[in-house]
S.K.: 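The following block contains the structure, expressed as structure tokens.
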Amino acid sequence: MTIQESATMPVKVRRATKSSWTGLAVMTPILILLALGPYILGRGMQQNLVILFSLIVLGTMWNLLAGYGGMVSIGQQAYIGIGAYGLVYIADTLGIDPFLAVPLAVIIAGVLSLPISFLAFRLSGGYFAIGTWVIAEVVKLIVEQMDVLGAGSGVSFMAVTELSPGRRIAYVYWLSLIAVVIAVAVTYLLMRSRLGLGFTAIRDDSVAAGSLGVRVTRSKRIVYVIAGMGCALAGSMIAANTLRVQPESIFSVEYSAFMIFIVVIGGIGTIEGPIVGAIVFFALQQWLSDFGLWYLVILGLLAIIITLVLPRGIWGLISGNGKIRLFPVGYRLVNPLERFSLIKEKAPVGDGGAPNA
Amino acid sequence: MSALLEVRGLSKRFGNVVTAEDVTFDVAEGTALGIVGPNGAGKSTLLSLITGVLPSDSGTITFQGRDITKERAPSRTKAGIARSFQIPRPFVDMTVFENVYVGATFGGGFHGQVGYEAAVRALETTGLMHLSEKPAGQLRLLDRKRLELARALATNPRLILLDEIAGGLTEKELPPLVDLIRGLRDSGVTVVWIEHIVHALTSVVDELMCLALGRVLAIGDPHEVMRSPEVIEVYLGSTFDIGEAS
């Protein structure tokens, strides 16, 4: 017995599922409705939604890092800060159009993340987590030494203040909505690609992935750079929304805590999870804002409870542990059983019964 | 017969622990080499050195006439070296089919439809087709072992390294797996197979190598190796030594 000849039935692999088409049908009108936001919603609500959008981008990026790349970083605030400062510097000091400055700031973050990855990747596991935090603190300390970036007191974002507040807020809102769509779409397309299959394999077992030909370190580096760019995108959204960038707040490790919370309660290792997590986190943030410091205690408790009760997060509960997928990235063989029984009929009789799965 | 794999003076230490000491052997194309030896003899380490998971301290590894000593694991896989792990390492949250497709597309370089077909062939060969849509984490031991084999086969290997693939299986489960490995060898895939179940091993392999404390104790005809006084001493003596030490 050697490798058998291909059976007569062709091998067919399906990438989309019924639920993904339903999902698309549901998501499209929501997206259209959100795009009409500035015509429907007040300015305060729009600014709040920008916060939500930035949280979705951050959660999606952290999930890419930890959920797919197996890299638990608590230093992504480095790139949030680079994106925020990058936008302000490029738009205000260099005088480039603010809406062009956003992609430029994102590219700068990507360029910086590559050499940083060589430093961070010398560490793994818990050491990697601490190392990324240290790197973020170093970036903050460097920024605090730079007078051109306002040193310790920070900078204000002036370029967009020429616009009327209503128009400015609407532009930032649309920009952030586009950012969410880009972040989720890039993640989805990446995970559907061959590269994404490698990431998923690395997530489950990096040693086995390496021995099957997946280039583990290179794949992780790609994820790290993309996540750095995505966090910079969120950072520039935050800067454009608040019009003020201060090193203590933009480089705060709190962002990492939020990202972890969003991904853990939403459902790690799924594209939908961080979106759900960000919405839940945002709602909690709004409700609990009156409780002062207790709000962090409650968030912490909630994270612990959800981790214990729902290890796959809220999305895991909604989707019935992955039965529903709005963003299908898997590979499903069409009718594997029929194909199998076809082969069994051809095989000599007497070895085992018919498969009954 | 030309040697597909040539290992020369391979050594590896972890601190004071010697796991490979001047290991030298050849594996001819299309043959099967069995490896036996007591626990801690360095059998699994040797496979890790050949696949490139571990870097060697000294010595050379030549595959298909090319020195691959400095190459990393993924490029060795692409060159045609595949392995199965002693303790199966499935991608638990991926389906069986996806597990095997990873091997086909990354290791074998088969993309898209060609890759799907390569994966299906590997599943059919190993008898896993009826489980293709199951998450790999739900498989029982025998099927996990088969999955190890299927993934390795999907990389289209010229050399396959099996690390106790039959370990932990029942007497009833053993013969089909042994037939499968013999079939592989007969189809032209070169096999290096570590196994404690010696009768399973000797029914397939052309040559047998016995390792002890990282050294090659004996290599040659399977029955002669198993009868050689050194090998018998290591096998029977080792349990005695361990008993005294503890």
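The structure presented is a predicted model; accordingly, all values stated were derived computationally and were not measured. A note on names: the letters A, B, ... follow the listed sequences, proteins ahead of strands, and every chain is numbered from 1.
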S.K.: Evaluate the side-chain proximity of B:Tyr116 to A:Leu333: yes if any heavy-atom separation is below 4.5 Å, no if none is.
M.R.: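 No, too far: nothing below the 4.5 Å cut-off.
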S.K.: Less than 4.5 Å apart, side chain to side chain, heavy atoms only: is that true for A:Ser211 and B:Thr51?
M.R.: no
S.K.: Measure distances from B:Thr155 to the heavy atoms of chain A and classify the residue's part below 4.5 Å as side chain, backbone, both or neither.
M.R.: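 The side chain, not the backbone.
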S.K.: Given that the side chain runs from C-beta out, which part of B:Gln113 has a heavy atom under 4.5 Å from chain A: side chain, backbone, both or neither?
M.R.: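 For B:Gln113, the contact with chain A is made by the side chain alone.
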S.K.: Which of residues 267-281 of chain A have a heavy atom under 4.5 Å from any heavy atom of chain B?
M.R.: none
S.K.: Given B:Phe91, which partner from the list A:Thr200, A:Leu197, A:Leu212 fulfils the side-chain contact (heavy atoms from CB on, under 4.5 Å) test?
M.R.: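 The side-chain contact (heavy atoms from CB on, under 4.5 Å) with B:Phe91 is passed solely by A:Leu212 among A:Thr200, A:Leu197, A:Leu212.
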S.K.: Heavy-atom count around B:Arg72 CZ within 6.0 Å, excluding the residue itself: above 12?
M.R.: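 Check fails, neighbour count at 12 or below.
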S.K.: Under 4.0 Å between a Lys/Arg side-chain N and an Asp/Glu carboxylate O for B:Glu117 and A:Lys12?
M.R.: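 No.
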S.K.: Shortest non-hydrogen contact from B:Pro74 to A:Arg215?
M.R.: CB-CG, 3.8 Å
S.K.: Within a strict 4.5 Å, meaning less than it, do heavy atoms of the A:Val13 and B:Glu98 side chains meet?
M.R.: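 The answer is no; the side chains never approach within 4.5 Å.
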S.K.: Does the structure place the NZ or CZ of A:Arg194 under 6.0 Å from the centre of the six-membered ring of B:Phe106, at an angle of no more than 45° from the ring's axis?
M.R.: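 Positive - A:Arg194 is close enough to the ring of B:Phe106 and near enough to its axis.
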S.K.: Kindly say whether B:Pro90 contributes a backbone atom to a donor-acceptor pair with the side chain of A:Asp205 at under 3.5 angstrom?
M.R.: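 Here the side-chain-to-backbone pair does not exist.
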S.K.: At a heavy-atom separation under 4.5 Å, does B:Phe97 approach chain A through its side chain, its backbone, both, or neither?
M.R.: side chain
S.K.: Not counting sequence neighbours, which residues clear salt bridge (charged side-chain N to carboxylate O under 4.0 Å, His left out) with B:Arg146? List them please.
M.R.: B:Asp143
S.K.: Among B:Met94, B:Arg185, B:Lys134, single out the residue with the greatest number of heavy-atom pairs under 4.5 Å to chain A.
M.R.: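 That would be B:Met94.
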S.K.: Using side-chain contact (heavy atoms from CB on, under 4.5 Å) as the criterion, point out the one residue from B:Thr105, B:Val102, B:Thr77 that pairs with A:Val214.
M.R.: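 Single side-chain contact (heavy atoms from CB on, under 4.5 Å) partner of A:Val214 among B:Thr105, B:Val102, B:Thr77: B:Val102.
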S.K.: Against chain B, work out which of A:Ala208, A:Gly210, A:Gly198, A:Gly213 has the most heavy-atom pairs shorter than 4.5 Å and name it.
M.R.: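 Option with the greatest count: A:Gly213.
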S.K.: Inspect the surroundings of CD1 in B:Ile87 and state if more than 12 heavy atoms from other residues, nucleotides or ligands are less than 6.0 Å away.
M.R.: no
S.K.: Set out, in order, the CA-CA distance, both residues' side-chain angles and the distance that settles side chain to side chain contact (heavy atoms under 4.5 Å, CB included) for B:Arg89 and A:Asp204, then state yes or no.
M.R.: CA-CA 9 Å; B:Arg89 309 186 75 133; A:Asp204 282 1; over 6 Å; no
